[in-house]
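First comes the structure, then the notes that go with it.
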Amino acid sequence: MRNLKLIIHREYMARVRNKTFIVMTFLSPLILVGMFFLIAYLSMLNNGEQKIIGINDQSGVFSGEFEDTEDIQYLDLSTVSLDEAKRIVELEGYQGVLYIPDMENNVELAESIEFFGKESPGFGTLQQMERIITEKLTTRELIARGVDISQIQSAETKVNIQIENFQGQRTSRMSGYIKMIFGGAAGYLLMMFIIIYGNMVMRSVIEEKTNRIIEIIVSSVKPITLMLGKILGTSLAGITQFAIWVILGSVLLFIASAMTGVPMVAPPSEAQQGFDQLANSDMQQLLTDVANLPMLSLVISFLVYFIGGYFLYSAIYAAIGAAVDSETDTQQFMFPIILPLMLGIYVGFFSVIENPHGTVSTVFSMIPLTSPIVMLMRIPFGVPWWELGISVLLLIVTNIAILWLAAKIYRVGILMYGKKPTYKELYKWLKY
Amino acid sequence: MNDLLVAENVSKQFGKFIALNDVSIAIPEQSIFGLLGPNGAGKTTFIRIINQITMPDSGTVFFNGKPLHPNDIGLIGYLPEERGLYKSMKVGEQALYLARLKGLSKAQAKERLEYWFKRLNITHWWDKKIQELSKGMAQKVQFVITVLHNPKLLIFDEPFSGFDPLNADIIKNEILNLREEGATILFSTHRMESVEELCEYMALIHLSEKLLDGKVSDIKRAYKSNTFEVGLTTHNEPELLKQLEQNFIVEKANFKSITEDLKLRLQIAPGGTPNDLLQYLVARAQVNHFVEVIPSVNDIFIKTVTQNA
């Protein structure tokens with residue numbers, strides 16, 4: 001125990017004092033925040049640029065329908081001919097001209113509307129114009145068929161299906177998104193953590209091998225103690241880095257947003273619209289949804305799966321580090337590590353979001369190599385306790401098994417030099 | 001004298017490869033014991049078993065009369081052949097770390113390190129990183145780390161490799177000094193001259209088997225062949241040579257002398273004494289040179305290994 005503490009301390013200090021670590025820790029949030037503001041700034045620049053589009057409406061149906069928006073200004077060119085309108089647009093350097101011919105039949109009219117321009121308009125612009133035209137023509141067609149529009153308008157209802165589970169907890173569609181974000185972020189974070197710090201464990205094992213210090217150390221401590229100390233020390237360094245990132249990131253974001261006047265949470269324009277459309281009650285619902293998330297069980301299971309998943313993979317990384325002589329030899333062993341991680345992420349982002357309690361999601365949240373990621377994504381949607389129990393139990397059992405196997409490979413591998421290990425060779429080591 | 005370390009019928013196999021086959025070795029307390037053998041003989045495996053890095057498949061190792069226990073690690077100091085230190089860690093810091101892993105408290109470790117650093121005149125290296133030191137300098141630090149916790153048993157695997165003659169001598173004297181203070185020393189090497197010079201006991205391992213062991217002087221006595229190197233002056237060399245060849249096995253010898261001698265190696269029959277030979281020679285020629293041929297450790301090594309190849 002005493003030695004484990006000593007090793008953890010040394011590993012921690014060695015990581016934390018490393019120049020790359022220091023640079024990465026303090027530079028990453030700066031880069032991240034810088035990127036954020038660059039994007040915000042660029043999109044603001046883009047917003048300021050207003051496009052002008054001429055409307056050549058021969059039918060007169062749409063007069064007054066095209067309202068200027070933040071980035072599009074509509075110019076009425078209905079009084080001149082189409083050719084004249086085109087000439088004006090080209091001369092003035094406008095975006096283009098929308099030609100609406102004069103036709104009685106709404107369906108024919110809809111098919112004959114054309115846009116002329118030097119270059120094709122952006123997707124958003126096109127969509128906006130199409131929406132206005134569709135709405136107007138639909139209304140016109142409905143009237144033409146003798147439908148009372150005021151009746152339709154008064155009959156229109158907005159539906160937000162109230163979702164309630166058997167325990168009586170109310171949720172909504174909005175809360176589905178929140179759960180997705182929470183779960184997705186946790187799963188993704190875990191994957192990044194495993195890859196970054198697992199690699200660090202591996203490199204530090206290789207370092208001890210190439211430095212030839214390993215035999216001096218294992219004559220004082222058990223290899224498994226050294227391995228555990230490495231994994232723990234490195235993960236503590238990782239947690240330190242994350243903590244600094246979170247603190248530094250929020251402080252920087254706060255300072256920068258105060259200085260530049262960019263709102264701290266600046267959602268892209270579509271989302272902005274989405275938020276605008278949310279009624280006040282929806283906003284309140286959102287807050288209750290966040291508050292309604294099972295925070296305690298979320299945090300606890302996050303910790304359990306985070307630790308379990310990280311340990312599982314770190315042990316494998318450590319064993320790989322012990323088996324090889326240099327980092328270039330690790331390639332052949334990387335694939336089996338990356339594969340389940342990627343699988344977890346993909347299953348999480350495609351299957352869990354689609355159907356959190358479907359067969360695929362359930363199975364992958366049981367398999368120990370993918371369960372930390374997939375289960376973390378599922379948990380916000382509510383997972384029965386027995387499923388959680390089985391999954392955690394499997395994870396723990398596998399952890400013990402993998403740690404045991406890794407320790408065996410580690411014990412033999414650290415004292416092996418000059419051998420390029422194959423899987424067959426590793427299997428033999430297990431029996432030494 | 002008590003044996004500090006006794007290995008009884010130790011065997012170790014790696015897959016199909018047999019590293020040690022039923023090896024028994026006893027190392028007397030406060031002795032300097034040479035463990036010899038060609039590369040790949042099983043020396044390192046044996047040492048790793050003593051250090052409890054590897055466990056034997058069968059057989060027992062006794063330390064101080066009791067089966068080896070994990071706590072005994074603190075009583076053993078090991079300088080492996082493949083040795084190194086953390087490149088980017090400071091000398092003092094990592095010496096402290098390694099000493100504490102051996103069970104010393106921080107204060108104890110610091111005090112002893114200061115003593116040893118002063119003794120070897122390397123105090124100014126404390127804050128240097130290993131990568132700033134030369135190989136020989138790093139070896140010195142490793143030596144200090146090995147002996148720092150006052151181990152009862154010191155195991156040195158090729159301790160002098162990487163040292164210049166001056167520093168090799170300093171280290172040699174420190175090793176002798178540690179022995180005087182009560183430590184038992186196990187040397188693993190294939191440099192015969194250091195065995196010749198330092199070891200009282202030795203064991204020879206070849207192809208995973210122990211071929212011989214015991215007191216170096218006993219082994220030499222067992223290996224000597226009653227052969228004497230003589231330098232003779234006589235008027236009639238051919239006649240003398242003829243007579244000698246009838247009584248002994250005669251070989252030409254080559255050694256330095258200031259007289260123009262007949263230089264020969266004579267092997268007498270078992271049971272014959274040097275005095276008999278000397279009397280025989282004195283009666284026939286002037287004896288300028290008379291010395292018994294004692295096999296060197298090197299000779300014994302080569303002879304035993306080639307015999308068992």
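Everything numeric in this text was worked out from a predicted model, so none of it was measured. Throughout, protein chains are lettered first and strands after them, A, B, ... in sequence-line order, and every chain is numbered starting at 1.
For B:Q52, no part lies near chain A; criterion is any non-hydrogen pair under 4.5 Å. Proximity to chain B (any heavy atom under 4.5 Å) is shown, for A:L415, by both the backbone and the side chain. Contact annotation for B:T44: only side-chain heavy atoms (C-beta onward) come within less than 4.5 Å of a heavy atom of chain A.
Within a 6.0 Å radius of CE in A:M334, other residues, nucleotides and ligands contribute more than 12 heavy atoms. More than 12 heavy atoms of other residues, nucleotides or ligands lie within 6.0 Å of CD in B:E132, so this atom counts as buried by the packing criterion. Applying the 6.0 Å contact sphere to CZ of A:F242 captures more than 12 heavy atoms from other residues, nucleotides or ligands.
Under the side-chain contact (heavy atoms from CB on, under 4.5 Å) rule, A:S219 has a single partner from B:I50, B:I53, B:I76, which is B:I53.
Within residues 84-102 of chain B, the residues approaching chain A closer than 4.5 Å by heavy atoms are, in numerical order, B:G84, B:L85, B:Y86, B:K87, B:S88, B:M89, B:E93, B:Q94, B:Y97, B:L98, B:R100, B:L101, B:K102.
Residues B:E81 and A:E215 are not in side-chain contact: their nearest non-hydrogen atoms beyond the backbone lie 4.5 Å or more apart.
Distance check, rounded to the nearest 0.5 Å: CG of A:N3 to CD1 of B:I73 gives 8.5 Å.
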